[in-house]
Amino acid sequence: MSPSATPPEVAHPRAIRSFVRRTGRVTTGQAKAFEALGPDFILPHQAQALDVDRAFGPELSGHPLVLEIGFGMGEATAHIAGVLPDTRFLCCEVHEPGVGALLKRIGERQLRNIRIVAHDAVEVLRDMIPHGTLDGVHVFFPDPWHKKRHHKRRLIQPGLVCELALRLKAGAYLHLATDWQPYAEQMRQVCMAEPMLRNTSAHAEGWADKPHYRPLTKFENRGLRLGHGVWDLVFQRV
């Protein structure tokens with residue numbers, strides 16, 4: 001797919017969801033983490049703006065707020081929260097074992113700057129996050145929906161990117177990463193077409209250098225050993 005060709009079937013989806021329901025068993029350790037840490041670190045979805053300072057507590061009041069959409073098993077999320085302890089991370093994931101795994105990591109690493117909403121991030125964005133309140137958004141390795149007939153299910157599409165841009169503060173950033181080049185090219189094109197965003201890359205093709213805070217996951221390391229690429233995009237709200 002050329003960088004200038006937007007697949008027509010993905011331009012204007014009727015509805016976007018940030019997730020696909022997956023089955024999976026919650027382990028004993030994850031269940032214990034739910035019981036011990038869930039009340040402090042899981043926030044309910046609500047049809048009103050989130051009081052961020054109240055949700056994260058006075059020790060982090062006024063600190064930067066980053067939204068993460070789809071954290072999987074939480075490996076990268078916990079790493080980044082440890083690297084950036086003065087940043088608040090509001091993390092959305094509906095996969096119950098993934099939520100349990102991140103809670104377990106929070107306990108093991110004594111992280112205080114993560115809150116989880118176990119709900120569709122598109123609805124969280126719509127209902128809980130006012131315009132101009134986010135300092136950053138992370139979307140790492142969303143489902144690429146490889147088959148052409150499934151492209152309309154991809155998360156990064158014009159409507160969502162516009163909604164994300166509206167909720168970024170001036171100068172705030174949107175960081176996307178994928179290991180599927182056709183999806184990376186679509187992501188780049190969609191973000192380039194959004195007038196509220198500008199690409200921060202200094203490279204001719206528009207790809208960003210991997211920011212220092214994003215770790216190489218085990219899956220990513222395996223892909224790199226096999227010769228697979230990883231593409232980062234970092235756009236800024238203008």
Side-chain angles (χ1 to χ4, degrees), residues 13-27 30-58 60-78 80-81 87-107 111-143 153-169 172 174-176:
R14 292 184 62 187
I16 300 171
R17 295 168 70 190
S18 67
F19 66 94
V20 177
R21 288 287 181 189
R22 293 177 291 163
T23 58
R25 187 176 68 84
V26 175
T27 66
Q30 292 166 4
K32 289 180 179 178
F34 267 108
E35 182 177 356
L37 301 173
D40 292 330
F41 291 94
I42 297 179
L43 304 176
H45 170 256
Q46 59 188 32
Q48 63 184 39
L50 176 67
D51 184 335
V52 179
D53 287 341
R54 181 176 180 183
F56 282 86
L60 291 173
S61 179
H63 287 225
L65 176 66
V66 171
L67 173 70
E68 181 171 13
I69 298 179
F71 55 76
M73 299 303 284
E75 178 184 359
T77 304
I80 295 170
T87 297
R88 301 176 291 187
F89 292 92
L90 181 65
C91 305
C92 297
E93 177 62 65
V94 299
H95 185 50
E96 192 173 11
V99 175
L102 180 54
L103 287 170
K104 190 168 181 289
R105 296 180 199 276
I106 287 171
L111 300 171
R112 307 302 302 173
N113 56 334
I114 292 174
R115 296 296 181 271
I116 300 167
V117 184
H119 193 82
D120 179 9
V122 174
E123 295 185 2
V124 172
L125 190 73
R126 178 194 69 199
D127 298 337
M128 299 176 65
I129 304 177
H131 291 190
T133 57
L134 295 175
D135 296 274
V137 175
H138 294 170
V139 187
F140 299 151
F141 305 100
D143 194 325
R153 302 181 185 179
R154 288 176 173 174
L155 177 65
I156 302 303
Q157 299 188 38
L160 179 67
V161 169
C162 177
E163 293 299 322
L164 291 171
L166 286 168
R167 285 160 177 82
L168 291 173
K169 297 176 182 177
L174 169 63
H175 180 188
L176 311 174

Return a table of donor-acceptor pairs under 3.5 angstrom between the side chains of residues 160-168 and protein atoms on other chains or two or more places apart.
residue: Glu163; atom: OE1; partner: Arg167; partner atom: NH1; Å: 2.7
residue: Arg167; atom: NE; partner: Leu125; partner atom: O; Å: 2.9
residue: Arg167; atom: NE; partner: Ile129; partner atom: O; Å: 2.8
residue: Arg167; atom: NH1; partner: Glu163; partner atom: O; Å: 3.1

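Applying the side chain to side chain contact (heavy atoms under 4.5 Å, CB included) criterion to Asp127, with sequence neighbours excluded, gives His45, Glu123. The side chain to side chain contact (heavy atoms under 4.5 Å, CB included) check on Glu35 picks up nothing, with sequence neighbours excluded. For Asp53, the side chain to side chain donor-acceptor pair (under 3.5 Å) partners at least two apart in sequence or on another chain are Ser61, Arg88. Remark: Lys169 pairs with Asp135 by the side chain to side chain donor-acceptor pair (under 3.5 Å) rule, at least two apart or across chains. Contacts of Asn113 classified as side chain to side chain contact (heavy atoms under 4.5 Å, CB included), with partners at least two apart in sequence or in another chain: Leu60, Ala81, Phe89, Leu111. Partners of Ala55 under the side chain to side chain contact (heavy atoms under 4.5 Å, CB included) rule, at least two apart in sequence or in another chain, are Leu43, Leu50.
Summarising the geometry of Ala33 relative to Lys104, their closest heavy-atom pair is CB-N, 3.6 Å, with the distance given to 0.1 Å. In terms of heavy atoms, Leu67 sits closest to Cys92 at CD1-SG, 3.9 Å. Smallest separation of non-hydrogen atoms from Ala101 and Met73: CB-O, 3.5 Å. Residues Val94 and Ala118 come closest through the heavy atom pair CG1-C, 4.4 Å.
Counting heavy atoms from C-beta outward, Val52 and Leu90 have side chains that stay 4.5 Å or more apart. You'll find the side chain of Ile114 reaches within 4.5 Å of the side chain of Cys91, heavy atoms only. Between Gln30 and Glu96 there is no side-chain heavy-atom pair separated by less than 4.5 Å. For the pair Phe140/Thr77, no side-chain contact is recorded, criterion being any heavy-atom separation below 4.5 Å from C-beta on. Considering only heavy atoms from C-beta on, Phe71 stays 4.5 Å or farther from His138 through its side chain.
At least one donor-acceptor pair closer than 3.5 Å links the side chain of Gln46 to the backbone N or O of Gln48.
Atom CG of Leu155 is separated from atom CD1 of Ile69 by 5.5 Å, given to the nearest 0.5 angstrom. Remark: Arg115 CZ to Asp40 CG distance equals 7.5 Å, nearest 0.5 Å.
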